[in-house]
Number of protein chains: 2
Amino acid sequence: MDLSHVSQSKVFGGWHKQYRHDSKILNCPMRFSIFLPLNATDTTPVPVLYWLSGLTCTDENFMQKAGAFRKAAELGIAIVAPDTSPRGDSVPDDPQGSYDFGLGAGFYLNATQEPWKKHYQMYSYITNELPKLIEKNFPVTSRKAISGHSMGGHGALTIGLKNQDQYVSISAFSPICHPSIVPWGQKAFRHYLGEDKSSWSEYDATELLKAWSLKRPILIDQGDADNFLEEQLKPEILQSVALQKQLPVTLRMQPGYDHSYFFIQTFIGEHLKFHAHHLSESL
Amino acid sequence: MDLSHVSQSKVFGGWHKQYRHDSKILNCPMRFSIFLPLNATDTTPVPVLYWLSGLTCTDENFMQKAGAFRKAAELGIAIVAPDTSPRGDSVPDDPQGSYDFGLGAGFYLNATQEPWKKHYQMYSYITNELPKLIEKNFPVTSRKAISGHSMGGHGALTIGLKNQDQYVSISAFSPICHPSIVPWGQKAFRHYLGEDKSSWSEYDATELLKAWSLKRPILIDQGDADNFLEEQLKPEILQSVALQKQLPVTLRMQPGYDHSYFFIQTFIGEHLKFHAHHLSESL
């Protein structure tokens with residue numbers, strides 16, 4: 001068995017479960033959580049929404065705080081929430097112990113710089129190792145969608161954009177839309193990818209939108225009372241690129257909402273419906 | 001102003017807010033959380049559900065993990081979540097630092113023993129000081145219902161039973177139904193109330209049901225995969241008293257569910273509907 005069982009709780013007739021496994025790509029043990037609706041069985045497998053969390057989070061934050069399972073159970077969608085970085089004593093962390101770089105802040109990229117590159121390969125983990133593991137061990141189909149929050153919104157947008165054959169729909173809450181020009185992104189990219197900024201575009205949703213075509217729909221919700229909006233997130237720049245190229249990007253500014261899980265709770269049902277619609281379309 | 005503002009987040013069109021105040025009854029500063037639905041205004045005040053949390057919790061656990069606001073917003077009910085004990089450096093804690101007695105474990109009673117009685121007066125705080133503060137400062141009516149989980153389920157049952165003019169309906173998840181005969185209850189009662197067990201019955205839902213009439217409905221949900229069920233909770237004894245006296249107590253055993261917030265999440269919508277029905281009845 002590739003997986004060791006950590007915990008399980010029944011919820012809305014289905015199951016929330018946590019597992020550990022040894023990641024070959026990340027060179028460390030990793031934990032993830034999965035929600036399986038009641039109707040997920042070997043003879044009736046269900047599609048999967050991958051959820052990428054934000055800075056400081058683990059596999060637990062979304063599962064405990066988003067209130068997503070009622071709707072996911074109703075729609076018959078599994079949800080997988082990975083951790084936000086490699087973990088363990090052997091994994092290097094920011095020596096300054098900051099929250100926005102190192103452990104809990106993997107930025108869903110493949111690091112090319114020392115001492116990060118041995119473990120910080122979250123892009124390959126999310127797009128390759130983890131879905132293979134999930135599809136081998138659980139009653140799910142290969143139909144996938146992707147979503148996330150903040151740093152995880154950046155992850156969902158960049159991973160979704162670069163793997164449009166793999167993810168049928170993409171959504172994000174309060175994503176870091178243009179990491180190359182904001183403090184969170186610049187700090188992480190400088191360490192993980194080096195000073196050569198040409199390598200940064202590969203992990204910048206706005207730069208990817210400029211360069212790539214988009215055949216999958218993107219839904220973004222952003223609160224206008226979000227303290228990070230102006231300095232870190234920049235959805236208006238991503239939106240202007242999308243408008244110019246007439247790409248299927250919907251950005252909804254939600255008046256009065258902040259950066260918290262209370263915001264996510266409010267709109268996660270609509271994101272699940274959005275993904276369910278695309279997950280159920282014939283290929 | 002009696003209250004100092006701690007935080008606020010918009011959620012489902014309403015607001016989740018946290019406040020601090022100086023409690024005269026508890027002799028310490030206290031924090032609480034309140035959810036106010038969109039329709040709560042000074043000209044259209046709404047009724048309130050008081051939620052009492054379990055061991056180790058604060059005002060935050062239910063608000064972050066129960067996924068209750070979608071339904072509360074729809075039904076037009078405010079929710080108030082107090083802390084689970086007095087707090088602060090001046091408040092004595094269990095010298096052994098256990099999780100089930102002292103800070104985070106006030107058991108919703110009025111302590112009579114030293115050194116606890118100066119601060120551990122949660123019964124009076126919940127039934128008297130807190131609702132007065134809420135009704136003075138927020139757009140709510142005096143219509144109240146009460147619910148809670150585990151130790152907070154014990155709190156909801158005992159407080160609801162003893163104050164049937166104040167709370168129109170009572171519910172609980174996985175409550176400690178007969179604290180006088182289980183380890184959690186015996187440990188707390190011995191310290192807070194002393195060795196004389198005659199004083200314990202006043203805070204024991206099963207003993208209260210034996211002695212009192214019940215004009216308010218009680219709804220209890222209990223998971224049958226709850227690790228604490230057999231040793232600590234004893235709903236079957238409470239139910240047998242209710243059946244014998246033909247009291248309006250509904251105990252629902254929920255197959256496969258455990259003691260966690262995943263269980264609460266699953267059934268909180270039904271509890272809110274139950275309370276909304278009784279809160280909207282004419283007196």
Side-chain angles (χ1 to χ4, degrees), chain A residues 6-18 33-38 57 60-74 79 81 149 173-174 221-229 253-273, chain B residues 6-18 33-38 57 60-74 79 81 149 173-174 221-229 253-273:
Chain A
V6 176
S7 76
Q8 66 176 37
S9 291
K10 194 171 175 182
V11 59
F12 285 100
W15 291 94
H16 174 269
K17 302 185 179 199
Q18 283 184 302
S33 293
I34 183 167
F35 167 73
L36 286 165
L38 182 59
C57 289
E60 293 188 332
N61 303 62
F62 177 83
M63 296 308 215
Q64 293 182 353
K65 296 183 175 181
F69 302 140
R70 187 189 61 85
K71 183 59 78 175
E74 180 191 315
I79 303 175
H149 174 230
F173 291 81
S174 336
D221 272 319
Q222 172 63 55
D224 76 0
D226 183 331
N227 285 334
F228 300 111
L229 175 53
M253 293 301 293
Q254 302 288 4
Y257 287 91
D258 64 19
H259 201 71
S260 72
Y261 265 91
F262 293 118
F263 169 50
I264 297 172
Q265 239 182 65
T266 305
F267 298 102
I268 189 67
E270 294 179 23
H271 282 238
L272 287 164
K273 270 194 277 187
Chain B
V6 176
S7 76
Q8 65 175 37
S9 290
K10 195 170 175 182
V11 60
F12 285 99
W15 290 95
H16 173 271
K17 301 183 179 200
Q18 282 183 303
S33 293
I34 184 168
F35 167 73
L36 286 165
L38 181 60
C57 289
E60 294 189 332
N61 303 62
F62 177 83
M63 296 309 214
Q64 293 181 353
K65 295 183 175 179
F69 302 140
R70 186 189 61 85
K71 184 57 81 176
E74 180 191 315
I79 303 175
H149 174 231
F173 292 82
S174 337
D221 272 319
Q222 173 63 55
D224 77 0
D226 183 330
N227 285 335
F228 301 111
L229 174 54
M253 293 302 292
Q254 302 288 4
Y257 288 90
D258 64 19
H259 202 70
S260 73
Y261 266 92
F262 294 119
F263 170 50
I264 297 174
Q265 240 183 63
T266 305
F267 297 102
I268 189 67
E270 292 179 23
H271 283 239
L272 287 164
K273 270 194 276 187

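Letters A, B, ... mirror the listed sequences (proteins, then strands); counts begin at 1.
Across all non-hydrogen atoms, the minimal contact from A:Q64 to B:F262 is CG-CZ, 4.4 Å.
Here CD of A:Q265 is found 9.5 Å from NE2 of B:H16. Values are rounded to the nearest 0.5 Å.
Counted within 6.0 Å of CG on B:D224, heavy atoms from surrounding residues, nucleotides or ligands total more than 12; the atom is thus considered enclosed.
The closest donor-acceptor contact from the side chain of B:Y257 to the backbone of A:G13 lies under 3.5 Å.
In this structure, the portion of A:S260 lying under 4.5 Å from any heavy atom of chain B is its side chain and not its backbone.
Note: A:F69 leads A:F69, A:F263, A:Y261, A:W15 in heavy-atom pairs under 4.5 Å with chain B. Of the listed residues (A:Q254, A:K10, A:K65), the one with the most heavy-atom contacts under 4.5 Å to chain B is A:K10.
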